[in-house]
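Some notes on the structure that comes next.
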Amino acid sequence: MVNVLDIKVVRDLWSMRLQVLSIAMLVAAGVAVFVMSVSNYRALVGAMESHYRNERFADLFAGTTRAPLVIADRLREIDGIGIVEPRVAKPVRIIREDTNLPISGRIISLPAEGQPLLNRLHLVQGRWPDPLHPEEVIINAAYAEARAVRMGQPVEVVLNGRLQDFRVVGSALSPEFVFATRSAVPLPDDRNFVVLWAGEDAVASAFDMKGAFNDVAMTIAPGSSVRHVLDEVDRLLAPYGGTGAYNRGDQPSHRFLEDELAEQETLSIFMPSVFFGIAAFLLNVVIGRMVEAQRGQIASLKALGFANGTIALHYFKLVTAIALLGSAVGLVLGCWFAVGVVGSYRAFFRFPSLDARFEPWLLVAATLVSVVAANLAAATSVYRIAVLPPAEAMRPATPPALQTFAWLQTMGSRVIPLQYIIAARTTLGRPIRTVLSTIGIALAIPLILFGLYWFDAIDYMIDVSFSRIERGDAFLTFTEPVSTDTLHELKALPGVLNAELQRVVPVRLRVGYRTYRTSAIGLDPGSELRVPRDKALQPISIPADGIMLSRQIASQLDLHVGDTVSIDVLEGARAVREVIVRRISDDILGSSVTMDRSALNHVMREGPVANVAALRIDSAQSELVWSRIKSMPRIEGSSVKALWLSLFNDTIGEMVLIGALILAGFGMLIAIGVVYNSARIALQERAWELAGLRIIGLTRREVSAVIVSELVAELVVAIPLGLLIGRYLIELIASARASQSFQIPVVIDPSSYVIALLLVIAAAFASFIMIRRRIDTLDLVAVLKTRD
Amino acid sequence: MQTSEQEAEDSAAQPPVPVFVARGLSKVYGSGDSQVTALKNVDLDIRQGEFIVLLGPSGSGKSTLLNILGGLDAPTSGSAKWRDHQLTGAGDTELTTYRREHVGFVFQFYNLIPSLSVEENVRLVAQIASDPMDPKEALELVGLSHRARHFPSQLSGGEQQRVAVARAIVKRPDILLCDEPTGALDVDTGRLVLAAIAKVNAELGTTTIVITHNSAIAGMADRVLRLSGGRIVKEEPNPDRVSAEDVQW
Ligand SMILES: Nc1ncnc2c1ncn2[C@@H]1O[C@H](COP(=O)(O)OP(=O)(O)OP(=O)(O)O)[C@@H](O)[C@H]1O
Ligand SMILES: [Mg+2]
């Protein structure tokens, strides 16, 4: 026979269906965000790991000017080294009829036959080059996609100053170029950066590198000392113009990827966990009150002789059913959204396969957390009621603080209508419950803010990076250092409003055994197209001599103002110099090494030269400008801010947008759920009292005023509290991560606060309408028949 | 107060116009097999200031009738009106106004607001009435003015019921409707409550209807209506009304 209490479970669920639904929705939102985010992050990490494993991403990298191939054998003898893959890798330019923008890139040699041992290619389209056809090349898939390159299409490449015709036979992904970047230019741009892989004969002969290599990828044997191997590699390559061996941490694509993943980790794990935590807390509050509202029923069950355990089990079933319903919906939604969001990642993260992953542990954990959170709340409430003698529990609870605090009794003059006194006493007379449900409403606000914050943060970072710091409209890089003559030449171009030279040099900073690989930027005094700024966005002046470091780098290297740091230049003559740290800046981008350009020239032991130009261009004449620049010699590549920004909006922008929308949407659902539940439970607990008021002749409005004013009082406290908590949590999240390059700033636009506030008010308003409707339809006669 | 007292005396002398007029009242709950008829074709006239007692077995439709007369429930068919207030087919707003201005209720469960003191519970009604008495005066009538500052949870059941009576009469209602007001009370307390009700009926000329299971209380009535199976099966005028103190049960 079916247990009667089980029938009650089903009946209760049905009679509270809207409330059950809203609680389940709360669980679902928490679970969905959690599942979606964690599985997205896991998808990225998994995609990276499998790409690296399948395509055998190297552990160590080194460059030289020109080393004979026998040196590769010497490298193989180093203790602790694994595979050694020498190759030729050189900068190239591509000429296209349809654009004036210079397109730069790299050409990398492939072994005569088959895949390289390390950094293999994952063919996306086409086929492998035929060794008998040296003109066949594989092109990086990102560029092929951005420029719509078809297989079989010819490509004109400037190699070593000579124009040579190749033919694209395949497009591929490489673990070395998950993000294709040039170190000198701050903006990665798929349209204007290309990677070509061609047979080693073709590349070697074009660069006069037969029997030699200038680049080497290596793996390290498990358990060996990276430091030691790097030192040995450096020692062996030094006579051949070695530019310093480095590991993955300094490999540009990997470093960028790591930063991105760190960012994603915040977005995907930390924030959803806070989100989920808040949802669990809210669930706790809501379930607790729901059980409390059944106080009389629990007392009657006890009076009838049911044991506490049986009663607890009854509520366990009720609450578990709700939590499971919510979790099920949340899991489905979470997985569904994860698939969508991972799809939007694909434009940005170039992996052979990037698919949402739903690890069983994650699904189980999410469900367990919600079931436990719900039951914890139910258990405490049931326990509280169960310890009361049934007689007492059967009586409607008088606000406990009413007897304790005399002022609560005497409050209210004859001017204040008594319905407000009822509201005030109920609110203040149960301080713990009031505080909990106020916090509950307040916590809904950060959930909405989380989503909106990402828009604000990204907007702010773009604004800071590209209109406050990098103020040029475009950047040019040169194949070899240029002098001020080039600057005059550029300035003289019609349509160029301003031009400035920068010296950007890959360097390794060294203090004792600590090193940091980065690019040093040399700027002219009073430079306007690149303005370093501190966290308050105030310009930072560049010391005339010595070096200026971001605080982050300084602390990694344990450097203080006045200390000496040695700079190993990783290009050209590979100068090594000691310089004095003149300033440690709190610069907003987080990690930069800046010097006066002439000071950097001095380190480089060169004249007043530069290799990057920043330009301000009159947008009306930009075509003209670029057509002139195209014909200038020594231009390696370019990037255009506007193009990059639109690319950014299509990739990261879209990614963040989707994530943020989902977060904000769920935040809203939770906000509505919490406010609705507060109101709904207040109604349930007080139906009897409210009906009494209606019977003695109070109008619907007067009766609604009781509950509405209680809710309004909670809202008035909860909203500012929620905004404050939101800001605090976002600060916490921002500080919890220390990305290598970008610090996420804590910027919340006032409009975000306003939106969060309006949404909660809208949720409250919807609840008021619901309260009003309930009060309108209160069955006065039914209420008279029972006490509960 | 003077005039209503006069009216009460008048009513004893010559039959005045009825204030409540109900015709063909029926109330059916549910439909099909589970259909329950709570009231069947009830006709009823009640005069100004009359003290009516409704008797009848459980489930006979007493509460249903009282609730319809109090503007809390609507019949399935038939009509009811109080003076010029149509009680059937009226909207919630009119019924609320009717209850607010004219009706006082006392129920078996006292229905006091737990967060308001005794005096405030009474004042709550005074606050919305057009010509209320002083809440203290109403408490005086039920003999509870010394407990004015206490909260309902600090009172006994009988005391709470007297507060409910005070709350019902503070607005000088034209009609006082009581559904088993002594149901949960012992003899002595019940008597106090009944005395308060009778006093209001006598002094304010309030038309009073009391539901009870205790036929002894019927002795206090001007007229006793007996319900059974949703019909008024017996109507007994009671020429020798006894006072609440003399009611035996
Ligand atoms: N909401 C309802 N649904 C179905 N039947 C109902 C409903 N309310 C009352 N009834 C039925 O109507 C009939 C009359 O009910 P009513 O409450 O008027 O009885 P009563 O005379 O007041 O009884 P008691 O003395 O027990 O209070 C009963 O048979 C009852 O079961
Ligand atoms: Mg009844």
Side-chain angles (χ1 to χ4, degrees), chain A residues 296 392 394-403 406 408-430 685-686 688-703 706 710 775-788, chain B residues 27 29 38 63-64 66-68 70-74 91-93 95-117 119-130 135 149-154 157 160 164 167-168 170-171 173 177 179-180 184:
Chain A
E392 192 175 323
M394 262 192 281
R395 219 172 294 155
T398 355
L402 213 55
Q403 270 101 338
L408 271 177
Q409 296 178 17
T410 51
M411 69 181 291
S413 65
R414 314 216 150 209
V415 231
I416 303 174
L418 283 161
Q419 53 268 39
Y420 298 110
I421 306 253
I422 298 176
R425 289 212 183 121
T426 324
T427 313
L428 298 172
R430 297 174 161 276
E685 288 169 334
R686 314 266 295 282
W688 192 75
E689 182 180 331
L690 299 177
L693 290 174
R694 289 279 289 126
I695 288 168
I696 60 175
L698 267 73
T699 59
R700 293 162 170 183
R701 266 189 68 169
E702 286 161 340
V703 174
V706 176
E710 286 175 27
I775 288 178
D776 286 357
T777 56
L778 264 183
D779 187 343
L780 302 186
V781 179
V783 174
L784 289 176
K785 292 186 184 161
T786 53
R787 288 217 58 151
D788 243 319
Chain B
K27 178 79 182 178
Y29 287 106
S63 298
T64 307
L66 191 82
N67 290 340
I68 292 172
L72 292 174
D73 203 354
D92 179 81
T93 317
L95 289 180
T96 304
T97 314
Y98 164 67
R99 289 200 301 273
R100 191 180 178 118
E101 290 174 358
H102 306 292
V103 189
F105 286 102
V106 181
F107 295 104
Q108 179 179 3
F109 305 118
Y110 329 112
N111 249 315
L112 299 181
I113 306 299
S115 53
L116 293 182
S117 69
E119 189 265 343
E120 285 163 337
N121 261 286
V122 177
R123 183 144 57 83
L124 179 64
V125 174
Q127 169 191 295
I128 58 169
S130 54
R149 313 227 4 208
H150 285 134
F151 282 86
S153 56
Q154 296 164 313
Q160 289 186 55
R167 192 176 63 170
V170 71
K171 62 172 149 185
L177 301 177
D179 195 342
E180 298 185 43

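Keep in mind it's a predicted model, so treat the numbers as computed, not measured. Throughout, a chain's letter reflects where its sequence line sits, starting with A, and its residues are numbered from 1.
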Knowing that exactly one of B:V103, B:N121, B:V125 qualifies, which makes a side-chain contact (heavy atoms from CB on, under 4.5 Å) with A:I696? B:V125

Under 4.5 Å between any side-chain heavy atoms of B:R100 and A:T699, yes or no? yes

Once rounded to the nearest 0.5 Å, what's the spacing between atom CD of A:E702 and atom CD of B:Q127? 7.5 Å

Go through B:L95, B:D92, B:T64, B:D73 and name the one with the most non-hydrogen pairs under 4.5 angstrom from chain A. B:D92

Which of A:R700, A:R701, A:R694 passes side chain to side chain donor-acceptor pair (under 3.5 Å) with B:T96? Answer is A:R694

Given the options B:L124, B:L116, B:I113, A:I421 meets side-chain contact (heavy atoms from CB on, under 4.5 Å) only with B:L116

Who passes salt bridge (Lys or Arg N to Asp or Glu O under 4.0 Å) against B:R99, sequence neighbours left out? none

Do B:L72 and A:I695 have side chains that approach each other closer than 4.5 Å (heavy atoms only, starting at C-beta)? yes

Taken to the nearest 0.5 Å, the spacing of A:L698 CG from B:I128 CD1 works out to 4.5 Å

